[in-house]
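Notes to accompany the following structure.
Quick note: residue numbers are just sequence positions, from 1. In this text, all values refer to a predicted model and were calculated from it rather than measured experimentally. Heavy-atom basis, side chains included; hydrogens, waters and symmetry copies ignored.
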Amino acid sequence: MSNANIHMDDDLLVKYLAGEATPAEHQQVEDWVAASETNKKLFVDFKLIWDQSPIAERDVNKDDAFIRLQKRINSNTPVPRNMMIKKLSRKQWIGIAASVILICTVLWLTFNHIYDNGSVSFVRIDSKDKVHTQSLPDGSVITLNTRSTIVYPGRFTGNIRPVSLSGEAFFKVSPDKTKPFIIRVNDVTVRVVGTSFNVKSRNGKTEVIVETGIVQVSKKQNSVHLNPGEQVTVTREQGLLAKQQSKGKLYNYYLTGQLVCDKTPLSEVVQALNEVYNAHIVIANKSLESLPITTTFKGQSLNEVLDVISGTFKITVVRKNQQIIFK
């Protein structure tokens with residue numbers, strides 16, 4: 001039977017998102033998500049609910065987490081830790097915890113965020129092969145790059161404005177100090193009040209670049225505050241890296257049609273050119289990677305851009321099959 005037609009158990013999805021799934025269960029979820037667009041949409045919506053739950057941030061991999069969860073549900077009846085461990089095995093309480101977390105999560109989101117005539121309503125936008133601009137219920141404006149997806153509630157009625165992103169988008173967030181704007185992308189949280197910034201997540205790496213205002217970027221217990229002109233990169237393996245100054249504006253080409261370089265390392269320019277022109281440029285001489293370039297490319301063909309770069313740095317450009325090699 002095709003995975004596209006198999007119903008996915010909610011408890012298994014919770015175990016997957018909580019990091020408690022076995023390798024076989026993990027693969028089962030991955031196969032189910034990849035089987036159809038319907039499954040992928042269901043998973044994204046489910047993950048949005050999970051991500052916005054205050055319980056989702058807890059480490060359900062420890063015995064104490066379950067005790068804390070019990071206390072939250074019934075603060076007048078604390079559960080002795082030794083009694084719980086004696087009565088339930090680890091496998092048993094993980095299953096129970098998963099069910100309780102799911103119920104609490106759905107109730108929390110429904111009554112605090114998007115309760116609308118008794119139903120939860122999500123809006124999902126897929127940009128596919130075109131850049132797409134979308135206005136949100138609070139007046140914020142999001143521009144999605146190609147191959148990007150955003151999911152958000154039909155109304156922001158709670159204490160936060162939650163959004164889930166896959167891919168890349170530029171955000172212009174309407175100021176509202178009473179309701180922080182929160183973006184979940186992979187396992188990274190971006191929290192703002194009113195500002196403009198770019199978020200890009202591809203191949204396990206998430207990059208946030210700020211134009212105006214202050215942005216908080218967090219992963220697990222680590223966080224960093226970014227000011228205008230600053231950026232941070234989060235990788236799956238290394239986590240939150242140190243913030244740095246952004247050099248130029250290569251990131252918003254899909255908004256402006258310009259590649260603005262301001263002492264930008266050649267390696268970053270090449271990366272942008274590969275994306276913009278769907279090219280395969282390789283820097284064979286590693287000593288060239290850090291060369292800084294200051295210019296603006298707008299409307300030029302790839303060949304014209306290559307002429308400017310090669311003329312500026314006296315670089316030899318070699319074309320071999322589908323590759324363009326800098327030597």
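Heavy-atom neighbours of K219 NZ from other residues, nucleotides or ligands within 6.0 Å: above the threshold of 12. For K172, the NZ atom is loosely surrounded, since the number of other residues' heavy atoms within 6.0 Å does not exceed 12. In this structure, I214 places its CD1 atom where only 12 or fewer heavy-atom neighbours from other residues, nucleotides or ligands lie under 6.0 Å away. Heavy-atom contacts from other residues, nucleotides or ligands closer than 6.0 Å to CG of N278 number 12 or fewer.
Both F297 and F313 belong to a single network of hydrophobic side chains, linked directly or stepwise wherever heavy atoms of I, L, V, M, F, W or Y lie under 4.5 Å apart. Both L250 and V305 sit in one connected hydrophobic cluster of ILVMFWY residues. Membership requires side-chain heavy atoms under 4.5 Å apart, directly or through other members. The hydrophobic cluster containing I281 also contains L288, counting ILVMFWY residues as joined when their side-chain heavy atoms lie under 4.5 angstrom apart, directly or transitively. Residues I209 and V193 fall into different hydrophobic clusters, defined by Ile, Leu, Val, Met, Phe, Trp and Tyr side chains chained together at heavy-atom separations under 4.5 Å. A continuous path of hydrophobic side-chain contacts links Y253 to L306 [ILVMFWY only; heavy atoms under 4.5 Å].
Heavy atoms only, all atoms of each residue included: Q258 and N252 are closest at O-OD1, 4.5 Å. Here the closest heavy-atom approach between residue S310 and residue V317 is recorded as CB-CG2, 3.8 Å. In terms of heavy atoms, R191 sits closest to I182 at NH1-CD1, 3.3 Å. When every heavy atom of V210 is checked against every heavy atom of F197, the shortest pair comes out as CA-CB, 3.9 Å. Nearest heavy atoms, V269 versus C261: CG2-SG, 3.9 Å. Closest heavy-atom contact between I324 and R319: CD1-NH1, 3.5 Å.
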Would you be so kind as to tabulate the donor-acceptor pairs closer than 3.5 Å made by side chains of residues 136-151, with sequence neighbours excluded?
unit_1 : atom_1 : unit_2 : atom_2 : d
D138   : OD1    : S140   : N      : 3.1
D138   : OD1    : S140   : OG     : 3.2
D138   : OD2    : S140   : OG     : 2.8
D138   : OD2    : R161   : NH1    : 2.5
S140   : OG     : S174   : N      : 2.9
T143   : OG1    : T133   : OG1    : 3.4
N145   : ND2    : E168   : OE1    : 2.9
S148   : OG     : N145   : O      : 3.2
S148   : OG     : T146   : O      : 3.2
S148   : OG     : E168   : N      : 2.9
S148   : OG     : E168   : O      : 3.2
T149   : OG1    : D126   : OD1    : 2.5

Legend entry - side-chain contact (heavy atoms from CB on, under 4.5 Å) assessment of T256 paired with K249: CA-CA 10 Å; T256 65; K249 291 185 177 180; over 6 Å; no
Legend entry - V282/F326 under side-chain contact (heavy atoms from CB on, under 4.5 Å): CA gap, chis, key distance, verdict: CA-CA 6 Å; V282 177; F326 287 173; over 6 Å; no
Inset, instruction - Using the side-chain contact (heavy atoms from CB on, under 4.5 Å) rule, take R184 and T189 through it: C-alpha gap first, then chi angles, then the decisive distance, then the call. - result: CA-CA 5 Å; R184 288 290 294 189; T189 301; 2.3 Å; yes
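For E304 (side chain) and S301 (main-chain N/O), a donor-acceptor pair under 3.5 Å exists by modelled atom type. Looking only at distances, a side-chain donor or acceptor of T264 sits under 3.5 Å from a matching main-chain atom of K247. Here the side chain of D176 pairs a donor or acceptor atom with the backbone of T178 at under 3.5 angstrom. Under a 3.5 Å cut-off, the side chain of E230 and the backbone N or O of N227 do form a donor-acceptor pair. In this structure, the side chain of Q300 engages the main chain of K298 through a donor-acceptor pair within 3.5 Å.
Expressed to the nearest 0.5 Å, how far OG of S246 lies from CG of N198 amounts to 10.5 Å. Summarising the geometry, atom NZ belonging to K263 is positioned 6.5 Å from atom OG1 belonging to T294; distances are rounded to the nearest 0.5 Å. Separation of atoms CG (N186) and CG (L165) is listed at 8.5 Å; rounding is to 0.5 Å. Here NZ of K200 is found 11.0 Å from CD of Q231. Values are rounded to the nearest 0.5 Å. How far OG of S127 is from CD of Q134: 11.5 Å, rounded to the nearest 0.5 Å. The distance from the CZ atom of F181 to the CZ atom of F156 is 5.5 Å, given to the nearest 0.5 Å.
Checking each of Q216, K243, Q244 against L226 for a side chain to side chain contact (heavy atoms under 4.5 Å, CB included) leaves exactly one that passes, namely K243.
Using the six-membered ring where Trp is involved, Y251 and F170 have ring planes that are parallel, under 30° apart on the 30 and 60° scheme.
Residues I309 and L273 have side chains in contact (heavy-atom distance under 4.5 Å, counting atoms from C-beta outward). In this structure the side chain of L266 never reaches within 4.5 angstrom of the side chain of E289, judged on heavy atoms.
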